[in-house]
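So the structure is just underneath, and the comments pick up after that.
Residue numbers run from 1 in the order of the sequence given.
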Amino acid sequence: MRDRLAASDPGLLRLTAGLRTVTAIALTLAVLAAVRVPVPQLVAGAMAAMVSTFAVRDKQRAQQAVTLGLGLPVALASVSLGALLNQRVVVGDLFFVVLIFCAVYGRRFGDRGTALGLIGFQIYFLSLFVHATAATLPALYGVICVAFACSATARFVLLPQTPAGTLDRLRRAFRARLAQLIAVQAELLDAGPGEVEKVLQDLRTATARLHETALLIQGQLEEGTSDEATARLLQRRIADAEIASERLGLLLLTARSAERTNTLTLHLPGAPLPSGGELPVRDEATAALHRDLQALRVLMLRPVGEARGTALAQVRNRLLGYREEENLPAAAPAVQDVFRGLGEAARAALGLRLALDGPQDESDDSPATARSREELDAEDAAIEAGEEAETEAPEPTGLSRPTTRAAVQVAVGSALAIAGGELLSSQRWYWAVLTCWIVFLNTASTGEILVKGYRRLLGTVLGVVAGIGLAGLVGHHTWTAFALVLVFIFAMFYSAPLSYTLMSFFVTAMLGLLYTLLNTYSLAVLVLRVEETALGAACGVIAAALVLPIHTDRRTNELLVEVLNRLADVTRAAVEQLSGGAGDDLVEQARDLDQALADLRAATEPLTHPIAPLRARRDTARYVVALLETCAYHGRSLAATAELLPTHPSIAADPRLRGACARIVHNIEAIAAHVADPRATAEIERGSSIASMLGPGTLRTPRYGRVTDRVLRHLQRLDEAVFGLARPLGITSGADRPRK
């Protein structure tokens, strides 16, 4: 159960966020109830505690304390202005728009600027929600101070969270998800013809979840490790384990079929298994494969302290022996390849255990294990000696800066929402402003804002239905209502990264309870909530579309160019090193590629969403992203193989690879040029296979003796995938152009 929880919530980030917020609110309510404050002030305290808890996102505890300390005077000033300007409609509305602009513009100053802007906006909103006046200000000051103190207690005393602790939990999540992926691979071995498609989909899902955790770890390495060398070492070991497990899945797919797995369509939704995925014959080799997959799962999952004794060492020695052709069963070549893949995965598991758990007892090592340790030690030394050169891209200025553009857009959208909201209700117009504000958070294009507004509206409608039922059940039972509010707040934070619609549902249901507590609940109020939400979402979309717009096509094209540039950099650097050139930090470059692809995937969501009206465009976007995921897989694998070159005894440089790579890089750059500027004249090149470019006899080298076999397969598939990108993007080669 612990492993399942770790895998479902990597780093326990959602659980911690929910528990910390609920704890801060519960403490605030307990303190305020002890001094017998009225219900409106209880509601204000709960909202202030929630805001002061979730707004602070700094990674280091000292930085969090400073931000929380600065947030208190910002909150007090905001509630004061809200109370004083509440009755001055024009001046109050103008100030609210200026406040919104400053709050969004503050994001350019990092986590602290974002937090202070969020606190300022939300506390001003709180003053409108509880109808703060000058007479109630002293009591509200006390309530807000109590809320911030309880938030600090929950954050620093009851539920402390450090970057090192978060990284440690993320590493446990990585192990758990790695074990889940291997378990699915074992299911693939036995899946019948009617089950194989479902298992293949599970395999894709498990691989994507593992990749997601690896990216989360990447984001915590700088703050969560003691020094840069440790961060690079852990990054390398995580990448090795991810690539080895992904490659093992491909080898298993190949073992099920009569032909090599077509990785060109590996990431495409609904892509069939090669040759229909025939069930392998049950024999001793298959039984051993089952046994060793389960052994690898245990090897990946359990830390040293939880798996002592000689049994684990014997399992590890057996698996590592497969790397050196020891004890390979008499089986088909494809099945033997799976055993070799098990050996490579076991080596990755050993490197991961050394990086995460430190030195281990080596008394039970076999010669194969000892050699693997020597390779890993040599890699560690090379990583510690390396220096990472950082280059920063020039920062945009003026209205081209994303924070400035977003601040102008949300200010205009909020002004429209205020005007429209006042027409709907002079008392609760601020719901439209809140929705307009929220749909701009973490969005960068008109399409993203449209999808987010649609989801918020859908969640609000469902929440209103729930709120009607809950209000009737709770009635005037104050503490029952507050208990349900805490449950909904926890559910809101726990579900937020998974479903924005679900989060909006819990928010609206919670607000129905708060209305009940304030004795302002009615069906008309909840219907008005839906109307204000729809208005706010519409104002956000209008502002995004008309004021300094970034259309979805432009946004996705920019990110697509970034992905292609990163792919070209990784491919060029990896092949240069495999050809005998100077080394580079290839794992870091591969992670940059992964992050760029994740950004593109998020940006294409408006195009691939079910509500997208253009089906052909939706299919094209999915196809392009899937091909890029295939390219990224082969790029990561090339980078990982190149990183082994200086220390791996069975890998040698091959200068011919440099020439074989030139066409791939040229085609990637040509596609990027056409996406950036359709008038570009660069053409993609079609040619013979990569293997044939290296001359006769290339593939007669031993299967695992040199780089040739594995690297050629990755280069060949990368070449095919890159060429496959050209047609859906509307790019033709010289051979495709009609002759005059």
Starting from the C-alpha separation in whole Å, work towards a yes-or-no answer on salt bridge (charged side-chain N to carboxylate O under 4.0 Å, His left out) for R601 and E605.
-> CA-CA 7 Å; R601 192 183 301 111; E605 191 171 344; over 6 Å; no
Verdict with supporting geometry, L462 and L502, side chain to side chain contact (heavy atoms under 4.5 Å, CB included) = CA-CA 9 Å; L462 297 175; L502 197 58; over 6 Å; no
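Sorted by first and then second residue, the ring-ring contact (aromatic ring centres under 6.0 Å, His included) pairs with a member in residues 15-46 form an empty list; sequence neighbours excluded. The ring-ring contact (aromatic ring centres under 6.0 Å, His included) pairs that include a residue from residues 56-84 number zero, where partners must be two or more places apart or lie in different chains. Counting only residues at least two apart or in different chains, side-chain hydrogen bond (donor to acceptor under 3.5 Å, both in side chains) contacts with residues 112-128 comprise T67-R112. Sequence neighbours left out, the pairs with a member in residues 126-158 that pass ring-ring contact (aromatic ring centres under 6.0 Å, His included) are F129-W431, F129-Y515. Annotation: ring-ring contact (aromatic ring centres under 6.0 Å, His included) contacts involving residues 49-77, sequence neighbours excluded, comprise F54-F493.
Remark: E422 engages no residue in a salt bridge (charged side-chain N to carboxylate O under 4.0 Å, His left out) (not counting sequence neighbours).
No option in F95, W437, Y430 other than W437 meets the ring-ring contact (aromatic ring centres under 6.0 Å, His included) test with F121.
A donor-acceptor pair under 3.5 Å is absent between the side-chain atoms of S151 and the main chain of A147, judged by distance alone. Between the side chain of R177 and the backbone N or O of A7, at least one donor-acceptor pair lies under 3.5 Å. Of the possible polar contacts, none joining the K452 side chain to the Y500 backbone as a donor-acceptor pair under 3.5 Å is found.
Counting heavy atoms from C-beta on, the side chains of D58 and V56 come closer than 4.5 Å.
Residues L486 and V22 come closest through the heavy atom pair O-CG2, 3.4 Å.
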